[in-house]
Structures are given as structure tokens and as C-alpha cells.
There are 2 protein chains.
Amino acid sequence: MPARVKRLSRTESVAQTRTRLLDAAEEVFAEHGFGATTLERIAERAGYTRGAVYANFASKDDLFLAVLDRWLDDDIEHGGRINAESPSVRDAFDRLRELPGNRFADRNRFLLLTEFRLYALRNPEVAPRLAEYERRGIAWYTDAIRARAADLPVPAEQLAAIVLAMENGIATLAHVAPDTVRHDAFVDALEMLTGLR
Amino acid sequence: MPARVKRLSRTESVAQTRTRLLDAAEEVFAEHGFGATTLERIAERAGYTRGAVYANFASKDDLFLAVLDRWLDDDIEHGGRINAESPSVRDAFDRLRELPGNRFADRNRFLLLTEFRLYALRNPEVAPRLAEYERRGIAWYTDAIRARAADLPVPAEQLAAIVLAMENGIATLAHVAPDTVRHDAFVDALEMLTGLR
DNA sequence: GTCTATACGAAGATAGAC
DNA sequence: GTCTATCTTCGTATAGAC
């Protein structure tokens, strides 16, 4: 009866390789884009060779989609936490400023999401996953708005879409023209619009 | 003294080839992205072979940058016209609705601009060109706002950046999740914020 | 399960014909 | 100036060793 311990550690080891490959892939896809990233670079970054990649994923597209699915799930989970932990509007804004000011302020995070969207726009079979992600983003803001404001002059969903659009748009401008727009211009705008300033 | 006419037509022919190649490149880069487009496809779409491409451009990057520069110039010129031809806010909004509702509603237009931005983010030497483009976009809205509103509670530039961000963000959502967000949600938002509705 | 070696195709770039 | 042919590099994917 050789080692129950060993079977477990083997399983963990496999999972670890997969995780490392996904982590590396996430970085490299963000840095170079889908088209320009090579599986060689991903394997190297993860500390393996291409063989390990093909042992875990069927193809480059398959790996990309695995990265995409994991990322979208994590993001939605993370967003839910922020909302639940911020009882007042003031709290939510303060939390937001720590991010800093915009969920998409992190360069790689922004690049990766942009890659996902481009991929979805060019691969119709993937489009529904991204559309669902955007819907959840709007739903997230809709909840946040409804929980803190009553008697809105317009539907909460409409405001939510505008807020999400602003968050995305300001992140875009701040990344491309950092000397002109700052990431926390998003919180500034929210405070201005809600009259909290 | 053989044919002044002929020299001219030769010059025009050269310019025409260049223009056709740029037009084709603009389409193909938008459809497939920088990484996945091949010079073969571009040449084919323009009705030439790769030889014609290399006769007119030094490399794939050189061609991409030529497309980028022409596009940015045209866009700025076009934007200026819309502003000058719309005396009232109502007129400007009506013009906008014809676009329809968002300057980036055209799929290829949106994809191409996104490619430009990604390229700029990954190629520091190109970044200033895109940053300048974003600045001009903000300047454009700043002028539009100043010309139609007095005694603003916040700097016109700040509002302009927010409006431009909204335009970009709504276009993004509308492209990725067309069943959830419509392109003219941008004009809706502007009308709501300006109290014109 | 991971690595090494390799097959295979694709695409950027160049050279020479016209 | 444009085309055809070719060189060369590179990257995906596979096969077989360990």
C-alpha cells in the first residue's frame, strides 16, 4: 500500500503545474497580446518547456480560453467582495481610491481584458462569455446603486452602464495618455455626479 | 519633350497604389489585428502582391504606422468639422445620433483604434502619437463645452475627459455586449446630464 | 507528466526578372 | 514599380525518450 501521501502530492503537483502555466500565460498574453505571444515564452516564464504546455492544454487557443475563464471568474468574485464590504457610498469610494481609483488601473489587467474583448469580437463563439462578463459588471453597479439611492430619475441599469463605461473609458485614456488623465479621475467623476463633493 | 501628361499620370498612379494599399491595410488590420494580419492578405485585398507592399513600405510596422498616422489625421479633421457645423447643443446631439449615437459605433473603426492603442502601449516610441490623439479628443470636447455652457462648477477639461471616456466606454460595451448596451446610450447619457431631456 | 528533437507550415523580407 | 521566386526565421504541433 505505497503512500497515500504520494498520490495526493502527485495530484497537487499536476495542479500546480497547471496553475503556474496559467499564471505565466496570463502575464505573457497581457504583455504581448494573443497574436505575438509564443508558447515558448509562456513555458519559459513558468519554468517549463513547451512539452508541459501541450501536456496540459490542447492548443494555444485552448490555453488562452482557460486563462480567460479563470480571469473572468476571479474578477466577478473579487468585485462581489468589494461591494459587500462597503456599506456606505463614502466607503465604496474610499475602497475604490485604493485600487487606485479604477479597477483597471493595473496595466496588465487592462491589457488582458482588452485582449479578451478583441478575441471575443473576432471569435463569435467566445463572444457570449464576454457579453456575460459585461452584463455582470452592469449588474454589480446596478446593485450598488440600488442599495444606496432611492427614487432615481432614471433606471438604475442605465446609470450602471454609464458608470461602467466611464470606468472603462477613463482607464483607457489614463493608460494611453497618463499625463492628461489620471486613473482616479473615475472616482472624482463619481463624487462629482453623486454630489459628494 | 515626351508627355507632361504622362509624368503626371505616373505620379498619380503611384499615389493611387499607395492609397489602395493603405485602405486595404486599414481594413485588414482592423479585422484581424496587427499580429494576425499578413502582408499577403493586405496586398491581395488591394489587388497587388507583396512586392507592391515592399515597394511602398519598409516593413509591416512601417505600413501599420502609416495607416495609424493617416487615420489619426483624418479623424481629427473630421471631428473639427462636426463641431464647427453644429451651432447648438441640440444640433450637436442630433448630428451625433446619425453616427449613430457614437463616433466609435463602426466596428472596424473601433477595432482599429483599439489596435492603435495596444500598439502604442507596447511600443513606447509610438505612445506620444496616441497620447496626442487623446489630448485632441479632450480639447475637442472642451471647446464644444465652453462654446455652449458658461459658469461651469468644474473645469471644462475635466468634463471633456469624462465625456470622451463615456463615449469610448459605451462603444466598448455596445460592441462586446450589443444586447445589453446600445451605442446611442452615449447620446442618451449626454442629454440626461445636460438636462436636455 | 515533462523534455528533447523534429516535422511542418506560415509569413516577413530580399533578389532578380520585366 | 510591380511581380515571381526564394531565402530564412519562427512558431505550432507532434513523436518519442525518460
Side-chain angles (χ1 to χ4, degrees), chain A residues 2-3 5-25 27-68 115 119 122-123, chain B residues 2-3 5-68 115 119 122-123 126:
Chain A
V5 171
K6 200 165 191 187
R7 272 192 303 169
L8 191 71
S9 110
R10 173 79 69 118
T11 304
E12 287 175 342
S13 161
V14 172
Q16 189 183 52
T17 299
R18 198 185 151 86
T19 301
R20 283 177 178 165
L21 286 172
L22 284 171
D23 290 345
E27 288 179 22
V28 181
F29 279 132
E31 288 167 13
H32 303 288
F34 179 76
T37 76
T38 68
L39 299 182
E40 171 84 50
R41 272 187 112 97
I42 291 174
E44 185 192 20
R45 174 87 52 114
Y48 298 89
T49 64
R50 266 170 295 165
V53 174
Y54 281 103
N56 284 278
F57 303 94
S59 66
K60 186 182 177 180
D61 283 270
D62 185 47
L63 172 54
F64 186 75
L65 292 178
V67 170
L68 185 153
E115 285 297 324
Y119 190 93
R122 290 173 179 140
N123 299 269
Chain B
V5 170
K6 201 164 189 185
R7 271 192 303 170
L8 191 71
S9 114
R10 173 78 68 116
T11 304
E12 284 175 345
S13 161
V14 172
Q16 190 184 49
T17 298
R18 198 185 151 86
T19 301
R20 283 176 177 165
L21 286 172
L22 284 172
D23 290 345
E26 195 172 294
E27 287 179 23
V28 181
F29 278 132
E31 288 167 13
H32 303 287
F34 179 76
T37 77
T38 68
L39 299 182
E40 171 84 49
R41 271 186 115 98
I42 291 174
E44 184 192 21
R45 172 89 50 115
Y48 298 89
T49 64
R50 264 171 296 163
V53 173
Y54 281 103
N56 283 278
F57 304 94
S59 66
K60 186 182 178 180
D61 285 84
D62 184 46
L63 172 55
F64 185 76
L65 292 178
V67 170
L68 186 154
E115 285 297 324
Y119 190 94
R122 290 171 179 141
N123 299 270
V126 180

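Just so we're on the same page: letters track the sequence lines, and every chain starts at 1. Computed from a predicted model, the values in this text were never measured in an experiment.
Here the CG-CD distance, from A:Leu21 to A:Gln16, works out to 10.5 Å after rounding to the nearest 0.5 Å. Taking CZ from B:Arg20 and CG from B:Asn56, the interatomic distance works out to 12.0 Å, rounded to the nearest 0.5 Å. Taken from CG in B:Leu63 to CZ in B:Phe29, the straight-line distance is 4.5 Å, to the nearest 0.5 Å. In this structure, A:Tyr119 OH and A:Phe34 CZ are separated by 5.0 Å, a value rounded to the nearest 0.5 Å.
For the pair A:Arg50 CZ and C:dA7 P, the interatomic distance rounds to 14 Å; values are reported in whole Å. The CZ-C1' distance, from B:Phe57 to C:dG12, rounds to 16 Å in whole Å. Atom P of nucleotide C:dA13 and atom CG of B:Asp62 are separated by 10 Å, given to the nearest angstrom. Taking atom CG of residue B:Asp61 and atom C1' of nucleotide C:dG12, one finds them 11 Å apart after rounding to whole Å.
Within the nucleic acid shown, A:Tyr48 comes within 4.0 Å of sugar-phosphate atoms alone, with no base atom in reach, counting heavy atoms only.
Within residues 26-43 of chain B, the residues having any heavy atom under 4.0 Å from DNA chain C are, by residue number, B:Thr37, B:Thr38, B:Leu39.
Judged by distance alone, with hydrogens and angles left aside, the side-chain atoms of B:Arg45 form no donor-acceptor pair with the main-chain N or O of B:Ala25 at under 3.5 Å.
Between chain A and DNA chain D, the heavy-atom contact criterion of under 4.0 Å yields a 5' to 3' nucleotide range of D:dG11 to D:dT14.
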Checklist line | side chain to side chain contact (heavy atoms under 4.5 Å, CB included) assessment of B:His32 paired with B:Arg41 | finding: CA-CA 10 Å; B:His32 303 287; B:Arg41 271 186 115 98; 3.4 Å; yes

Next item on the list: In sequence, state the C-alpha distance, the side-chain angles, and the governing distance for A:Ile42 and A:Lys60, and then conclude on side chain to side chain contact (heavy atoms under 4.5 Å, CB included).
Entry: CA-CA 10 Å; A:Ile42 291 174; A:Lys60 186 182 177 180; over 6 Å; no

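The salt bridge (charged side-chain N to carboxylate O under 4.0 Å, His left out) check on B:Glu40 picks up B:Arg50, with sequence neighbours excluded.
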